[in-house]
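We name chains A, B, ... by the order of the sequence lines, and we start the count at 1 in each one.
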2 protein chains.
Amino acid sequence: MTVWDRPEPPNRPVPLDRERIVAAAVALADEGGLTAVSLRKVAARLDAGPMRLYGYISTKDELFDLMVDAVYAEILPGEQPADWREALRVLAHRTRRSALRHEWLADLLGGRPALGPNGLAVSESTLAALDGLADIDTVMRAVETVSAYFTGAIRREVTDLRAERATGLSKSEWQRARGPHVTRMLATGRFPALAKAVYDGTHVDAEESFATGLEWVLDAVAARLA
Amino acid sequence: MTVWDRPEPPNRPVPLDRERIVAAAVALADEGGLTAVSLRKVAARLDAGPMRLYGYISTKDELFDLMVDAVYAEILPGEQPADWREALRVLAHRTRRSALRHEWLADLLGGRPALGPNGLAVSESTLAALDGLADIDTVMRAVETVSAYFTGAIRREVTDLRAERATGLSKSEWQRARGPHVTRMLATGRFPALAKAVYDGTHVDAEESFATGLEWVLDAVAARLA
DNA sequence: TACGGTGGAAATACAGTGTATCGACATGAG
DNA sequence: CTCATGTCGATACACTGTATTTCCACCGTA
């Protein structure tokens with residue numbers, strides 16, 4: 001093995017920082033879902049060994065936390081609407097759009113406390129929008145209720161999206177029967193109310209359905225703030 | 001190696017069925033969370049080889065689906081209350097209690113469509129409780145909105161529970177500052193509304209908070225059904 | 001009774017995972 | 001020029017889900 005056979009050693013290890021790591025992880029997750037994110041693959045994208053990452057994070061879950069916080073940066077609205085209702089509405093819709101852009105977010109949302117800088121900033125601006133409209137406890141209850149709603153709704157929407165995609169069924173077919181198994185079950189007659197809902201229900205646009213439910217919840221909140 | 005050294009072969013492989021498999025998996029998950037559920041460990045509990053399970057399920061996710069459906073059997077109320085509002089309330093609370101009994105449920109809830117027999121039965125009885133109170137689309141929107149709420153709320157509650165447990169902080173300490181990091185962040189003064197909420201908010205019981213938010217959402221639904 | 005065939009269980013194998021440990025090496029200090 | 005230091009990557013380990021192969025008890029037939 002002469003010099004000529006041996007490649008030059010790499011100049012220096014590529015400089016790394018959390019931002020680059022998280023960006024690589026997010027890209028991986030956007031392409032192949034959360035399961036496509038492995039420390040080895042993230043590191044490989046950055047031309048580094050896997051162990052290198054442990055200087056910046058100490059566990060894979062922490063990487064997920066950073067990824068979520070990175071998305072919260074997208075969610076944080078540029079300037080806060082003055083109206084509390086509009087503020088909550090915008091938050092919900094922005095979160096939903098981010099989750100549709102990064103479907104893996106649905107798997108993580110609410111799964112760990114969001115204590116990163118952007119997560120805190122989102123909480124702060126949300127609470128600020130409601131500040132003074134009622135006692136603190138009512139305000140918190142309001143924010144938590146609305147968050148619970150849109151967290152749950154987003155999760156379900158993304159889940160349905162994936163299931164639909166997995167069957168390869170057309171949108172309307174899916175909506176009609178959610179695949180052959182459910183069709184069979186409904187045919188047994190043991191689920192009349194469900195069957196009625198599935199067959200007689202008109203197809204509603206996911207965004208519209210999300211928005212409608214949201215307005216209902218906002219109405220409820222409004223009633224309590226007044 | 002004479003006969004005397006060789007142990008008798010086991011009588012016959014233990015008979016297996018999905019019920020026993022799922023029970024073992026649930027037990028494992030109850031003890032150590034979802035990550036403690038591996039096909040090898042489940043099989044070991046049943047004195048079987050890991051591959052044996054693939055006769056009953058074809059993927060680990062399917063095992064999770066079965067586990068969730070097993071819990072839906074707990075959730076399904078014995079007899080349905082006549083009042084639609086009570087029906088939804090009971091569903092929400094029973095789901096919550098099941099999730100507190102099996103915390104791993106919070107990780108799975110809403111993560112995959114619940115198409116198992118018990119899941120369908122829960123949907124059926126829920127829809128039946130609202131049947132005729134409004135047009136189908138409104139009814140579905142109502143159910144989905146309430147489900148989205150309690151799904152999200154349960155997920156957050158369990159997440160908080162775990163975080164609290166992980167820090168080893170006392171309940172009140174946790175409530176006050178959610179650990180040293182948040183305390184530090186709040187001290188920077190960059191999150192005044194959040195700080196106010198954390199420090200001035202009175203401690204509210206998780207169940208009460210869940211129930212209150214739920215009633216708000218039910219109010220909203222009631223307004224639309226009328 | 002002997003013999004294949006067959007079906008299902010188990011062993012083995014494989015490609016991957018997160019993470020601990022350790023050796024080597026480039027860099028900065030004396 | 002030498003030595004300590006700290007960081008990076010290779011190696012290692014225990015484990016994962018799952019595909020493939022091997023094996024063996026059973027059964028119907030000759």
Give me the distances for all protein-to-nucleotides 22-25 of chain C N/O pairs that come in under 3.5 Å?
none

TODO: Specify the residues of residues 37-51 of chain B, ordered by number, for which at least one heavy atom lies under 4.0 angstrom from an atom of DNA chain D.
DONE: B/V37, B/S38, B/L39, B/R40, B/K41, B/M51

Task: Interatomic distance where NZ belongs to A/K60 and C1' belongs to D/dT16 [whole Å] - done: 12 Å

Open item on the list: Can you measure A/L28 atom CG to C/dG16 atom C1' for me and round it to whole angstrom units?
Closed with: 14 Å

Task: Rounded interatomic separation in angstrom, taking CG from B/L63 and P from D/dT18 - done: 10 Å

TODO: State which residues pass salt bridge (Lys or Arg N to Asp or Glu O under 4.0 Å) with A/E74; sequence neighbours excluded, sorted by chain then number.
DONE: A/R101

Open item on the list: Strictly below 4.0 Å: does A/Y54 bring a side-chain N or O up to OP1 or OP2 of C/dT19?
Closed with: yes

Open item on the list: Between A/R165 and A/E103, does any NZ, NE, NH1 or NH2 come within less than 4.0 Å of an OD or OE carboxylate oxygen?
Closed with: yes

- [ ] Round to the nearest Å and state the distance from A/L53 atom CG to C/dT17 atom P.
- [x] 13 Å

- [ ] Can you tell me the distance, in whole Å, between the CZ atom of A/R52 and the P atom of C/dT21?
- [x] 21 Å

Task: Counterpart residues, salt bridge (Lys or Arg N to Asp or Glu O under 4.0 Å), relative to B/R20 (two or more places apart) - done: none

Open item on the list: Going by ring-ring contact (aromatic ring centres under 6.0 Å, His included), name the pairs with one or both residues in residues 92-130 of chain A, residues two or more places apart or in two chains.
Closed with: A/H93-A/F210, A/H102-A/W104

Task: Whether over 12 other heavy atoms sit under 6.0 Å from A/E19 CD - done: no

Task: A/L100: side-chain contact (heavy atoms from CB on, under 4.5 Å) partners, not counting sequence neighbours - done: A/R96, A/E157, A/V158, A/L161

Open item on the list: Just to verify, what does B/K196 make a side-chain hydrogen bond (donor to acceptor under 3.5 Å, both in side chains) with, not counting sequence neighbours?
Closed with: A/D131

- [ ] Rounding to 10 degrees, work out the angle separating the end axes of the helix from C/dT1-D/dA30 to C/dG30-D/dC1 (five pairs an end).
- [x] 30°

Task: Side-chain N,O (B/T59) to OP1/OP2 (D/dT18) below 4.0 Å - done: yes

TODO: Could I get the full list of salt bridge (Lys or Arg N to Asp or Glu O under 4.0 Å) partners for B/D65, not counting sequence neighbours?
DONE: B/R112

- [ ] Only pairs at least two apart or in different chains count here, so list each salt bridge (charged side-chain N to carboxylate O under 4.0 Å, His left out) that has a residue in residues 25-39 of chain B.
- [x] B/E31-B/R45

- [ ] Could you pull out all residues at least two apart from A/L194 that satisfy side-chain contact (heavy atoms from CB on, under 4.5 Å)?
- [x] A/L186, A/F191, B/L120, B/S123, B/E124, B/L127

Open item on the list: Tell me every residue that passes salt bridge (Lys or Arg N to Asp or Glu O under 4.0 Å) with B/R89, counting only those two or more places apart in sequence or in another chain.
Closed with: B/E86, B/E215

